[in-house]
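Worksheet for the structure shown next.
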Amino acid sequence: MERLQKVIAQSGITSRRKAEQLIVDGKVLVNGKKITELGTKVDPNHDKIIVEGVPLEKEEPVYYLLYKPTGVISSVNDEHNRKVVTDFIETDKRIFPVGRLDYDTSGLILLTNDGDFANLLMHPKHKVVKTYIAKVEGIPLRESLKKLERGVMLEDGKTAPAQVKVKRSDKKKGTSIVEISIHEGRNRQVRRMFDAIGHPVVKLKREQYGFLHLKGLNAGEYRELKPHEIKQLRELVVT
Ligand code: URA
């Protein structure tokens, strides 16, 4: 037996939070009876669940790792018809991205139809470390990088400690390549952090998400996660 909101989220039609709202709003029937109690347990294989008049089909969960190119929206559709991350993946499942990368950021992004799994990974308390390679303007002083390591004050508060390493600097062009690892996921966080120390980002790529990396993929390519990787990601966030 599992909680009703979890079963709805796992079907891929919506997030756990929205499923809870649908239940509270009286939009969910279980075996013909309206259920508005959030803790209600159901048997996903035998109970007949209807959400907003549509019977719930349990979709087999799928998990993908995409090397998102720049110029792509981290969404399932775009009102201006720009390319979205789901355009790159061949599937008939209702997948969506786990979190987001900016339109102008490339790199590793996960996609799934498993709403619970996505929520688990995105929850701020779980601290999945994400590593970015940033090309920045100028050659940051050690003291400036220390500020990033300790945390810098942004409009939405001080950032948590980060790990920062200069990979190389090009004195002629006046640019540097910096690797930065953070576990928060605020909007445009890396760009804002480098703005805060006076070294705006020119180019940004997410190279790692937890233990996952982009090796073997070119921009626009994807692969399915392996069962042991899915297990390891779950372990990463529950421990
Ligand atoms: N930080 C950013 O500034 N942009 C991203 O896309 C991800 C992290």
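Atoms within a ligand are numbered from 1 in the order they appear, just like the ligands themselves. For the single chain, residues carry numbers from 1 onward in sequence order. The structure displayed is predicted, hence computed values, not measured ones.
Taking every non-hydrogen atom of Thr105 and a distance limit under 4.0 Å, the qualifying atoms of ligand 1 come out as 4 (N), 5 (C), 6 (O). Within the listing of ligand 1, atoms 7 (C), 8 (C) sit less than 4.0 angstrom from a heavy atom of Tyr132.
Considering both main-chain and side-chain atoms, Leu101 never comes within under 3.5 Å of ligand 1 through any nitrogen or oxygen pair. Distances between N or O atoms of Arg186 and those of ligand 1 include no value under 3.5 Å. Between Arg100 and ligand 1, a contact under 3.5 Å exists for no N or O pair.
Asn187 and Arg100 form a side-chain donor-acceptor contact under 3.5 Å, judged by distance and modelled atom types alone. At a cut-off of 3.5 Å, with distance as the only test, a side-chain donor of Gln189 or Glu184 sits close to an acceptor on the other residue. Remark: the Arg188 side chain and the Thr105 side chain contain no N/O donor-acceptor pair separated by less than 3.5 Å.
Scanning the protein for heavy atoms near atom 6 (O) of ligand 1, the closest one is Asp102 N, 2.7 Å. Val190 N, 3.1 Å is the protein heavy atom nearest to atom 1 (N) of ligand 1.
Geometrically, Arg234 does not engage Phe117 in a cation-pi contact defined by less than 6.0 Å to the ring centre and at most 45° from the axis.
In this structure, Tyr67 has its ring center at least 6.0 angstrom away from the ring center of Tyr222.
Contacts with ligand 1 closer than 4.0 Å are made by side-chain heavy atoms of Leu204 only, the backbone lying farther away.
In this structure, Glu137 does not pair ionically with Lys173, as no charged nitrogen and carboxylate oxygen lie closer than 4.0 Å.
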